[in-house]
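Working notes, structure below.
This is a predicted model, so every value here is computed, not measured. By convention in this document, chain letters (A, B, ...) are assigned in the order of the sequence lines, proteins followed by strands, and residues within each chain are numbered from 1.
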Amino acid sequence: MIYLDNSATTAPDEDVLRTFTEASRTYYGNPASLHQAGTRADQLLQNARKQVARLAGDDESEVVFTSGGTESNNLAILGYAKKYRYRGNHIITTEIEHDSVRKACRSLEEDGFEVDWLAVDEQGVISLDELKRKLRPDTILVSIMHVNNEIGSVQPLAQCAQIIRERSRAIFHSDCVQSAGKLALPFPRYADAITLSGHKIHGLKGTGCLLAKPSRLPEAISYGGGQEDGLRSGTVNVAGAAAFAKAFRLATAEPSADHMRNWTAAMHDGLKNEPRLRILSSPDGAPHIFSMAFKGLTGEVAVNYFQENGIYVSTSSACSSKSSRTSHVIEAVGVPEEYRKGAVRISFGRSNSAADAERVIEVTKEFLEMTKKGMKQHDME
Amino acid sequence: MIWSELLIRYGEMSLKGRNRKVFIQKLSENIRRALRGLETVKLKAERDRMFIYASPEELEQAVHLLKDVAGIQSYSPIAQCESTVESIRSTALGVFEHEETLGRTFKVEVKRTDKSFPLVTGELQKEIGGTILRAHPDLKVDVRKPDILLHIDIRETGAFLSARIYKGAAGMPVGSNGRSLLMLSGGIDSPAAGYLMMKRGVMVEAIHFASPPYTSEKAQAKVEELARKLSVYGGSIKLHIIPFTEIQQAIVKQVPENVSITSTRRLMLRIADQVRQEIGALAIVTGESLGQVASQTLESFTAINAVTNTPILRPLIATDKLEIIDIAKKIGTYETSIQPYEDCCTIFTPASPKTKPRLDKVEYYESFIDFAPLIEEAVKNRQIIECTSESNPDGDFSDLL
């Protein structure tokens with residue numbers, strides 16, 4: 001089987017697994033304990049923390065280990081809102097964020113915060129002018145994802161940062177779950193805090209972190225023993241933290257994602273003239289995500305067809321693939337009605353090759369050919 | 001990476017006259033030690049600067065490792081190319097590929113030692129500046145206070161370009177200003193004091209007082225960890241661990257509680273002085289800061305200091321606790337220092353120590369015991385541990401991470 005659903009999750013790297021099992025076996029002590037088993041675990045934890053900060057480009061950065069993307073995004077959105085509430089109650093985000101940002105912002109709206117949702121164009125990119133217009137002196141938080149998980153659009157975070165800094169004192173957070181290991185991260189130069197997840201970079205599920213500039217930490221949103229500087233109570237998952245540090249190191253050591261860009265470019269080329277197929281990703285988007293939609297068909301049918309042909313792909317996003325509602329991202333980029341239910345996402349990871357992209361082109365064409373029968377004439381073009 | 005070498009600018013040691021050679025030699029040694037893990041590194045020391053040559057990957061690592069080496073004012077990665085306008089142009093573009101340009105300003109500065117170069121300074125500046133502007137329209141020129149200063153040095157041997165200046169640790173090369181003995185407790189202050197002296201070129205050994213079973217092995221491990229962390233700045237630190245239980249018990253028995261701390265400090269100093277003599281150090285360094293605790297008042301210093309004529313260096317004397325914490329955080333010892341293990345000073349602390357102990361009275365109380373043999377014994381039975389950054393018995397987990 002060819003696995004092309006790496007934006008949903010990736011196969012863990014053997015070395016990461018080894019780190020996890022060895023750390024679990026040898027350093028099982030509670031890092032908060034005073035005895036040697038505890039202090040050894042704590043040393044490993046602190047080393048992992050230092051490694052993540054160093055790899056992110058600033059040794060002084062704060063690293064809060066969490067259970068992954070969703071928890072980090074929640075901590076950032078709710079935690080910064082809580083911390084800076086005294087400064088204002090205005091928050092800016094986009095219409096295409098992951099649900100862990102979107103729904104956290106929704107809950108803040110219910111609590112009386114005012115949230116502005118930036119629209120995106122057909123390529124899935126926000127407008128800098130709109131950001132400029134929406135920023136206010138009482139804006140306390142701007143959260144803009146780096147790479148969209150469904151269509152791979154890349155936001156101009158450098159320009160966003162400049163605009164935000166010129167016009168407000170807002171904290172700038174970015175969900176970088178999909179861009180880590182593929183694009184240069186906006187931290188610490190542009191974003192004040194970013195969200196990272198282990199299992200999207202060939203690490204383990206249940207691992208990840210919120211990375212923040214020194215003295216730019218949110219307030220806690222859960223309570224307990226005060227671990228992770230009080231920001232993430234609960235006995236620390238030391239082996240998970242070590243495994244994340246390892247996965248992050250391996251991901252940053254990769255030369256670049258240029259080879260993946262060649263593969264997505266080949267798919268753009270090979271599929272751009274197909275009737276009844278609409279490519280949702282932009283050629284300027286992330287190198288590893290390619291999203292397309294079939295006219296008048298559901299993504300599920302396509303996923304099944306690909307599977308029969310030895311390829312794992314997903315509908316727009318794994319989180320929403322089992323619900324029948326159209327994804328908010330697909331709606332936001334203005335996909336015509338008859339294509340909306342037919343989105344399919346192909347996402348590359350470490351084990352893929354150019355041949356996999358070629359195979360996708362073939363199978364897509366076959367699928368289009370096969371579904372031609374039974375289509376009404378006016379649906380054919 | 002397009003860098004071919006690192007240029008290192010000396011700290012204030014470049015002001016020194018005849019000792020300069022010694023300073024440069026010490027600095028070379030310390031840099032070699034800091035970069036010992038890198039295989040392709042070559043050093044070339046000149047009178048007023050130093051060059052490091054290595055593979056591009058190792059140069060990048062060296063940039064990271066040099067920031068802790070005392071005696072370096074600043075350093076810059078250098079890209080070398082042929083002295084032709086064309087190759088300078090393409091190298092300059094290469095340099096700017098690594099620079100953030102959005103909303104920033106720049107300036108081109110040319111130094112033309114090789115007067116045979118076809119363009120004069122101003123012409124080349126204009127030429128290269130124009131090239132960069134065309135490639136990076138988001139950049140602006142600012143000749144007064146540019147964010148990025150592209151320096152082009154044209155010599156007979158080629159053109160040398162640099163755009164970045166990293167700040168060094170400044171100070172003087174460790175070892176260029178003699179040797180001292182640091183009283184290392186395990187708290188926040190003493191490592192900071194040690195660091196400040198090392199930054200002034202002093203080679204440090206450390207002394208620690210252990211009172212088992214009142215103090216635990218963890219407390220000693222913590223001090224060893226601190227010494228290892230300090231050793232990053234000076235290569236290696238010898239740690240002398242003094243068995244102090246017997247002396248402390250004798251003090252508790254003989255000296256009234258409210259001046260027992262004064263006597264304890266006096267005896268520590270006597271022992272430290274003896275060790276200092278044995279190792280050929282010239283001074284004793286402490287982390288004392290005026291007024292911080294009862295034993296750090298001027299009256300206490302007077303009573304404690306009376307046991308020796310050796311210079312006692314107190315680099316933190318006029319700093320506040322918060323300033324000390326900042327230093328400790330910067331040098332990476334803070335996290336270790338705040339671990340909660342008892343040390344020998346905290347376990348026998350009286351409820352209300354005298355802040356103005358009188359020397360004559362303290363001397364009188366102590367006169368009932370002959371401490372000399374006890375001191376002799378303690379010094380003789382001391383344990384000496386060599387602490388270097390790689391001697392960490394716990395490993396650095398690099399196999400796991």
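- Heavy atoms of other residues, nucleotides or ligands lying less than 6.0 angstrom from CD of Glu254(A) number more than 12.
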Working note: Glu60(A) + Lys329(B), criterion side chain to side chain contact (heavy atoms under 4.5 Å, CB included); need CA distance, chi angles, decisive distance, verdict. CA-CA 10 Å; Glu60(A) 309 294 310; Lys329(B) 281 186 171 164; over 6 Å; no
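- In Lys205(A), the NZ atom is crowded: over 12 heavy atoms of neighbouring residues, nucleotides or ligands sit closer than 6.0 Å.
- Top candidate by heavy-atom pairs under 4.5 Å with chain B, chosen from Glu22(A), Gln159(A), Arg249(A), Arg189(A), is Arg189(A).
- To the nearest 0.5 angstrom, Glu335(B) atom CD is 12.5 Å from Gln43(A) atom CD.
- Atom CZ of Arg165(A) sits in a crowded spot, with more than 12 heavy atoms from other residues, nucleotides or ligands closer than 6.0 Å.
- In terms of heavy-atom proximity, Asp399(B) sits nearest to Lys246(A) at O-NZ, 3.8 Å.
- For chain B, the nearby part of Asp59(A) is the side chain; its heavy atoms alone come within less than 4.5 Å.
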Please step through side chain to side chain contact (heavy atoms under 4.5 Å, CB included) for the pair Leu401(B) and Leu44(A), ending with a clear verdict. CA-CA 9 Å; Leu401(B) 298 172; Leu44(A) 174 58; 4.3 Å; yes
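- Rounding to the nearest 0.5 angstrom, the gap separating the CG atom in Leu400(B) from the CG atom in Asn47(A) is 10.0 Å.
- For Lys67(B), the part sitting under 4.5 Å from any heavy atom of chain A is the side chain, from C-beta outward, and nothing else.
- Heavy atoms from other residues, nucleotides or ligands lying under 6.0 Å from CD of Glu14(A) number 12 at most.
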Between Phe397(B) and Arg40(A), is the side chain to side chain contact (heavy atoms under 4.5 Å, CB included) condition met? List the steps. CA-CA 10 Å; Phe397(B) 304 104; Arg40(A) 294 288 287 135; 3.3 Å; yes
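- Interface remark: Glu100(B) contributes backbone and side-chain atoms alike to the contact with chain A (heavy atom separation under 4.5 Å).
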